Participant: 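This is the structure I want to talk about, given as structure tokens.
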Protein chains: 2
Amino acid sequence: MDGIAKPTGARLRDSALTDDISFLLARANALSLAAGNAALAPLTLRARSYSVLELAAGQARPTQRELAEFLRLDPSQVVALVDELQGQGLVARESDPADRRTKVVVATPLGREVCEAARAAATAAEQHLHADVSGSDRHLLVDLLRRLAFPT
Amino acid sequence: MDGIAKPTGARLRDSALTDDISFLLARANALSLAAGNAALAPLTLRARSYSVLELAAGQARPTQRELAEFLRLDPSQVVALVDELQGQGLVARESDPADRRTKVVVATPLGREVCEAARAAATAAEQHLHADVSGSDRHLLVDLLRRLAFPT
DNA sequence: ACAAGACCGTTGAGAATGTCAATCATTGAA
DNA sequence: TTCAATGATTGACATTCTCAACGGTCTTGT
């Protein structure tokens with residue numbers, strides 16, 4: 001039969017998994033997460049903490065529960081992440097007079113600075129990793145991914 | 001300004017993260033993984049072990065190291081996964097006479113049976129979760145995801 | 001033929017992450 | 001006012017990630 005030996009890495013690409021969206025998501029996410037964490041490490045941030053910081057630096061003034069739902073994390077994980085960012089002086093917990101149960105997480109001025117640097121590092125790493133999908137393909141991809149990430 | 005209050009879940013969607021492929025991948029993967037694990041639980045499988053089983057059930061006859069690279073796992077994790085599947089009688093380790101260092105992982109007849117049932121359960125759950133992206137959009141998505149999952 | 005180095009599977013440890021139950025303070029509704 | 005529901009927090013536990021080390025096996029250079 002075939003006398004052509006495929007390169008080691010490609011031998012498994014004929015598997016049923018190659019059409020499996022779940023598997024492709026898992027692998028793409030693993031690569032993206034590794035690259036993101038590496039890019040953010042110099043700022044003493046991980047992808048996780050950066051995502052919290054980014055939301056805290058926006059206009060939304062999210063509560064911890066909203067952060068948990070949006071980031072698909074357990075509320076207890078958000079506690080730890082906010083503790084960490086607060087310890088670094090990047091965010092603060094503000095109590096909402098309208099509902100004193102909730103804690104609104106907002107970025108400090110320093111937090112907003114670090115957030116911008118982090119965003120630059122993260123997007124640079126992401127564009128480098130996904131250099132082979134750009135232009136209109138990229139917009140298409142973002143649109144499709146949004147449908148997966150936020151199903152109706 | 002806007003007098004319209006957005007539903008709680010959508011308040012954060014204006015964030016910079018909504019355009020961030022890494023974040024979208026993370027969130028989509030979290031949802032997909034949860035659905036997949038739930039669908040495979042009745043078969044005593046997780047998404048992880050199913051992916052190993054699927055590769056072992058194919059024609060590729062992968063070594064553990066090839067499984068690790070393809071699934072983006074540490075070789076030590078593959079050891080544990082294969083141990084588990086072997087304990088369930090779904091796969092076996094065959095030693096390759098050509099290279100006695102490697103262990104080729106192959107599915108047993110029972111393993112191939114279970115694999116088919118698992119594939120049915122997994123794809124059903126996946127199509128249900130991603131019902132709003134179908135037809136040509138789905139092929140497009142798979143193509144784009146493959147470029148992310150297997151960068152050049 | 002032989003030694004040195006590389007590779008594979010395996011074990012073990014420690015960090016990070018995921019999941020769940022229980023508690024306290026606060027809110028909203030009966 | 002009382003009672004159920006909600007948000008943050010703590011603690012415990014399972015899963016997953018990452019790394020270093022080891023023994024057995026190949027491979028390369030000499």
Side-chain angles (χ1 to χ4, degrees), chain A residues 8-9 11 26-27 29-38 40-41 44-52 56 61-87 91-106, chain B residues 8-9 11 26-27 29-38 40-41 44-52 56 61-87 91-106:
Chain A
T8 309
R11 279 235 347 276
R27 194 177 208 274
N29 178 55
L31 294 173
S32 157
L33 189 59
N37 279 333
L40 292 170
T44 331
L45 287 176
R46 285 156 296 155
R48 263 310 154 64
S49 30
Y50 162 61
S51 64
V52 172
R61 298 180 55 81
T63 70
Q64 295 189 188
R65 176 151 295 269
E66 287 172 328
L67 289 175
E69 283 173 10
F70 193 73
L71 298 175
R72 222 17 209 20
L73 299 176
D74 192 86
S76 59
Q77 294 180 279
V78 176
V79 171
L81 286 166
V82 173
D83 280 350
E84 185 183 333
L85 291 171
Q86 195 172 32
V91 306
R93 282 182 240 240
E94 293 186 1
S95 50
D96 180 0
D99 185 345
R100 304 209 310 277
R101 288 173 302 182
T102 67
K103 309 272 180 69
V104 175
V105 182
V106 290
Chain B
T8 310
R11 279 234 349 274
R27 194 178 209 274
N29 179 54
L31 293 173
S32 157
L33 189 60
N37 279 332
L40 292 170
T44 331
L45 287 176
R46 285 155 297 155
R48 265 308 154 65
S49 30
Y50 162 61
S51 65
V52 172
R61 298 181 55 83
T63 70
Q64 294 189 189
R65 177 151 295 267
E66 288 172 326
L67 290 175
E69 283 173 10
F70 193 73
L71 298 175
R72 226 3 204 35
L73 298 176
D74 191 87
S76 60
Q77 294 180 277
V78 176
V79 171
L81 285 167
V82 173
D83 280 351
E84 186 184 332
L85 290 172
Q86 196 172 31
V91 306
R93 281 182 241 241
E94 293 185 2
S95 49
D96 180 0
D99 186 345
R100 302 207 312 274
R101 289 173 301 182
T102 68
K103 309 271 181 69
V104 174
V105 181
V106 290

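All figures in this text were calculated on a predicted structure; none of them were measured in a lab. By convention in this document, chain letters (A, B, ...) are assigned in the order of the sequence lines, proteins followed by strands, and residues within each chain are numbered from 1.
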Participant: Closest-nucleotide mapping onto DNA chain C: is A/Ser76 or A/Asp99 further toward the 5' terminus? I mean the 5' end.
Facilitator: A/Ser76

Participant: A/Glu66 has an atom CD; how far is it from atom P of D/dT6, in whole Å?
Facilitator: 15 Å

Participant: Between B/Arg46 and D/dT16, does any side-chain N or O lie under 4.0 Å from OP1 or OP2?
Facilitator: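 For B/Arg46, the contact criterion (side-chain N or O under 4.0 Å from OP1 or OP2 of D/dT16) is met.
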
Participant: OP1 or OP2 of D/dG24 versus the side-chain N and O atoms of B/Arg101: is any pair under 4.0 Å?
Facilitator: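 No, outside the criterion.
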
Participant: Counting only side-chain N and O atoms of B/Arg65, is one of them less than 4.0 Å from OP1 or OP2 of C/dC7?
Facilitator: no

Participant: Spell out, as yes or no, whether a donor-acceptor pair under 3.5 Å connects the side chain of A/Arg65 to the backbone of A/Pro75.
Facilitator: no

Participant: How many Å lie between CG on B/Leu33 and P on D/dT16, as a whole number?
Facilitator: 8 Å

Participant: So among A/Val82, A/Thr102, A/Val104, which one has a side-chain contact (heavy atoms from CB on, under 4.5 Å) with A/Gln64?
Facilitator: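 Result for side-chain contact (heavy atoms from CB on, under 4.5 Å) with A/Gln64: A/Val82.
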
Participant: Please report the distance, rounded to the nearest Å, between CZ in A/Arg72 and C1' in C/dT19.
Facilitator: 11 Å

Participant: Quick one: A/Leu31 CG to D/dC17 P, roughly how many Å, whole number?
Facilitator: 13 Å

Participant: Distance-only, no hydrogens or angles: does the A/Asn37 side chain make a donor-acceptor pair with backbone N or O of A/Ala47 under 3.5 Å?
Facilitator: yes

Participant: Send over the distance from B/Asn37 CG to C/dT19 C1', rounded to a whole Å.
Facilitator: 12 Å

Participant: If you pin B/Val79 and A/Leu81 to their nearest nucleotides in DNA chain C, which one's is more 5'?
Facilitator: B/Val79

Participant: Salt bridge check: are B/Glu84 and B/Arg46 linked by an N-O gap of less than 4.0 Å?
Facilitator: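 Judged by the 4.0 Å cut-off on N to carboxylate O distance, B/Glu84 and B/Arg46 do form a salt bridge.
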
Participant: Base, sugar-phosphate, or nothing: which does B/Arg93 touch, judged by heavy atoms less than 4.0 Å apart?
Facilitator: sugar-phosphate

Participant: In whole angstrom, what separates B/Glu84's CD from D/dA14's P?
Facilitator: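 Nearest whole value for this atom pair: 15 Å.
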
Participant: Under 4.0 Å, counting only non-hydrogen atoms across every strand here, what does A/Thr102 touch: a base, just sugar-phosphate, or nothing?
Facilitator: sugar-phosphate

Participant: Kindly say if A/Arg100 contacts the phosphate of D/dT6, meaning a side-chain N or O under 4.0 Å from OP1 or OP2.
Facilitator: no

Participant: Compare all side-chain heavy atoms of B/Leu81 with those of B/Leu67 and state whether any distance is below 4.5 angstrom.
Facilitator: no

Participant: Taking only side-chain N and O atoms of A/Gln77, does any of them lie within less than 4.0 angstrom of OP1 or OP2 on C/dA16?
Facilitator: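 For C/dA16, neither OP1 nor OP2 has a side-chain N or O of A/Gln77 closer than 4.0 Å.
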
Participant: Taking atom P of C/dA16 as reference, at what distance in whole Å does atom CG of A/Asp83 sit?
Facilitator: 15 Å

Participant: Report the nucleotide, chosen from C/dT10, C/dG18, D/dT10, that has the shortest atom-to-atom distance to any side-chain atom of A/Leu73.
Facilitator: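 The closest nucleotide is C/dG18.
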
Participant: Round to a whole Å and report the spacing from NZ of A/Lys103 to P of D/dT6.
Facilitator: 19 Å

Participant: So what does A/Asp74 hit on the nucleic acid, given a heavy-atom distance under 4.0 Å: a base, only sugar-phosphate, or nothing?
Facilitator: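 Counting heavy atoms under 4.0 Å across all strands, the contact made by A/Asp74 includes a base.
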
